[in-house]
Amino acid sequence: MKKIALAAALSVAASTAFAGNMAAPIMEAPIIVEEAKAGSSSSGILVPLLILAVVAAAAAS
């Protein structure tokens, strides 16, 4: 009877010792969000052209 109790106690203790996984944890890659550019490539020239048109209209008056 003592051997059965001892075997039961050892089996419970051994099962908790091997409960974990030996494989390395899997790390997920971080999510990177890239902001889109606002407007097209011609938007950089639009403002100087509008200023030039306003100056030309003022000079013509």
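Here the structure is a predicted model, which means the values were calculated and not measured.
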Atom pair CD1 (I4) and CE (M1), whose distance is rounded to the nearest 0.5 Å | 6.5 Å
Could you tell me whether L50 atom CG has more than 12 heavy atoms of other residues or ligands within 6.0 Å of it?
-> yes
Linking Ile, Leu, Val, Met, Phe, Trp and Tyr by side-chain heavy atoms under 4.5 Å, what else ends up with I31?
-> V33
Identify, with sequence neighbours excluded, every residue that meets side chain to side chain contact (heavy atoms under 4.5 Å, CB included) alongside I51.
-> V47, V55
